[in-house]
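See below for the structure under consideration.
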Amino acid sequence: MMATFNFNVGVLGHVDSGKTSLSKALSTVESTASFDKNPQSRERGITLDLGFSSFSVDIPEHLRAAAPTCQRLQYTLVDCPGHASLIRTIIGGAQIIDLMILVVDISKGVQTQTAECLVIGEITCDHMIVVLNKVDLVPQEKREAQVEKMKKRMHKTLESTKFKGCPICAVAAKPGGSEGNGSESFVLTELISILSDNTYLPKRESSGPFIFSVDHCFSIRGQGTVMTGTTLSGSVVINDTIEIPSMKVTKKVKSIQMFKKPVDSIIQGDRAGICVTQFDPKHLERGLVCTPGALPTIYGGIISVEKIGYYKGLVNSKAKFHITSGHETVMGKVSFFGLYEKDSAGNNYEFDFDKDYVYQEELFRKSSSGEGEDPHPVKQFAVIEYERPVTCPERCLVIGSKLDTDIHANMCRLAFHGRLLVGFQDSQYQQAVLPKVRVYKTKVREGLVERCNDEYTVIGKNLFKKETNIQNFAGMKVALSSGEQGVIEGGFGQSGKVKIRIPDGVKPDIYQRYSGGSKKKAPKAEDTPSDHQPIKISLTFKRYMYDPERKMKQT
Ligand SMILES: Nc1nc2c(ncn2[C@@H]2O[C@H](COP(=O)(O)OP(=O)(O)OP(=O)(O)O)[C@@H](O)[C@H]2O)c(=O)[nH]1
């Protein structure tokens with residue numbers, strides 16, 4: 001059989017920018033072209049419902065050496081919906097693509113969902129082509145100038161993104177629009193050649209668990225049920241057992257088809273139909289299937305996290321977000337924390353249970369270098385607690401958004417993104433793991449010196465409440481506003497007072513003022529001369545967020 005390499009191209013953009021028209025035009029144009037060249041080898045791609053269409057070409061010259069066994073290159077176009085309400089589907093679609101085509105209506109420029117698609121592209125994809133569509137609507141005499149103006153504008157928008165300098169091309173996917181009565185004809189040659197130049201051979205691994213994203217499921221009489229989709233990782237062979245985790249059932253793979261031809265196995269990146277028996281297609285519309293046990297169901301987890309620059313609002317700890325983990329979206333609560341020390345390994349996203357992290361009331365816009373006086377953490381993480389368990393791959397992409405924002409508000413709804421680093425596989429596991437997550441808040445307590453017991457001991461008040469277990473603070477250092485350093489020895493009496501040892505001794509004038517038995521109380525601020533202010537005791541310590549005993553530690 002002729003070997004074919006499958007390259008997945010996402011077609012994203014604002015509603016009505018012309019994504020479907022473009023996908024259709026591309027599929028038709030190219031398959032006709034290859035038909036013309038070689039009728040026998042014409043491989044019109046599977047046109048699979050829900051915006052999956054494809055076309056194939058002879059493998060381009062620049063890829064031949066790298067893929068000597070492949071003669072054909074199949075482009076699978078993933079036509080993502082544009083409507084704001086379908087953003088979950090767009091995020092799912094964007095995770096299976098190798099390159100993104102961002103479709104922009106030339107007369108409208110960057111619109112709200114164009115920006116959201118750009119954000120999703122930045123998170124999920126490394127390669128992009130911008131297509132300025134509907135050039136037929138610009139009068140011919142103004143066209144060149146308008147295209148140039150728009151290209152410049154787009155390049156400026158992309159300047160601060162990872163797609164800086166990406167190819168931009170103007171087309172009319174459907175001249176004349178729905179009426180289809182455009183008098184001019186347009187060819188997509190430029191776009192096709194840009195696409196070919198930007199096609200690369202993504203690394204496809206057959207190792208690791210088999211995970212397959214199903215986008216369509218239907219039954220074929222006499223055969224069984226076919227699930228079509230894209231292989232996200234690993235490989236599968238006929239007769240292997242696969243699991244449908246959402247239903248907790250396993251099935252044997254009866255047959256596999258790629259490009260309408262039977263194959264024995266598929267690997268990462270392949271688009272295929274997998275046939276199983278005795279399975280009602282109504283039970284699975286979309287979702288993941290996998291090697292049994294490969295997709296854990298988790299109750300929460302620890303993620304690396306970065307704030308999305310376009311998001312205007314605050315991203316606060318304890319707030320609820322729609323959290324997309326892999327291909328599933330549920331509500332969840334997030335608590336952010338940062339690491340301030342630099343990691344010699346540079347920018348890795350590992351979470352280390354042995355490190356101390358600082359709790360953050362809000363997520364910072366950008367992890368900074370951590371140099372000098374910079375108050376920002378070097379890396380940011382979050383603990384997520386889902387409202388209901390989710391099934392998702394290890395290290396999957398996580399996106400937090402506010403999907404209840406009014407879609408007409410012209411605001412980016414995507415707030416943060418990251419990767420799942422640790423999954424809490426059941427609620428017991430969560431309860432066992434959370435206390436090991438060393439996230440602290442710095443707390444400062446202040447009290448007053450009540451009196452000196454002797455030259456080396458002072459009694460403090462107002463530092464703790466009556467009910468505080470002062471023993472938890474024993475051994476911690478305190479500072480007196482008169483300059484002495486002390487160590488908490490323990491409680492004194494029942495009213496929350498504390499005994500503090502001053503190893504270097506209390507200054508003589510202070511001792512004189514504060515000694516003289518318990519009846520001699522500290523002077524009150526109002527009747528004391530300014531140099532006789534009450535002496536403050538301050539205690540700075542770390543309080544660990546997830547420690548059930550709320551253990552304290554000195555900073
Ligand atoms: N004049 C003109 N109209 C176009 C062109 N491309 C698409 N249209 C029209 O624009 C409208 C939207 O096109 P679609 O291809 O459905 O847009 P879409 O982006 O796929 O839409 P959603 O998937 O709903 O977001 C239709 O009425 C098309 O006929 C073009 O090149 N020129």
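Counting starts at 1 for both ligands and their atoms, in listed order. In what follows, every heavy atom counts, from backbone to side chain, and hydrogens, waters and symmetry copies are set aside.
The distance criterion of under 3.5 Å between nitrogen or oxygen atoms is met by A173 with respect to ligand 1. The shortest N or O to N or O distance between G177 and ligand 1 is under 3.5 Å. Taking distance alone, with nitrogen or oxygen atoms compared against 3.5 Å, A172 stays at or beyond that limit from ligand 1. For ligand 1, the polar-atom distance check finds an N/O of S17 within less than 3.5 Å of one of the ligand's N/O atoms.
In N133, the part holding a heavy atom less than 4.0 Å from any atom of ligand 1 is the side chain. With a 4.0 Å heavy-atom cut-off, ligand 1 is reached by the backbone of V15 and by its side chain too.
Note that CD1 of I101 and CG of L77 are 6.5 Å apart. Values are rounded to the nearest 0.5 Å.
In this structure, K320 places its NZ atom where only 12 or fewer heavy-atom neighbours from other residues, nucleotides or ligands lie under 6.0 Å away.
Using cut-offs of 30° and 60° for the angle between ring planes, the H216 and F218 rings count as tilted.
Distances from ligand 1 to the non-hydrogen atoms of G176 include at least one value under 4.0 Å.
The two atoms that bring K402 and F321 nearest to each other are CE-CE2, 3.6 Å, heavy atoms only.
Using modelled atom types, one finds no donor on one side chain facing an acceptor on the other under 3.5 Å when comparing T241 with T250.
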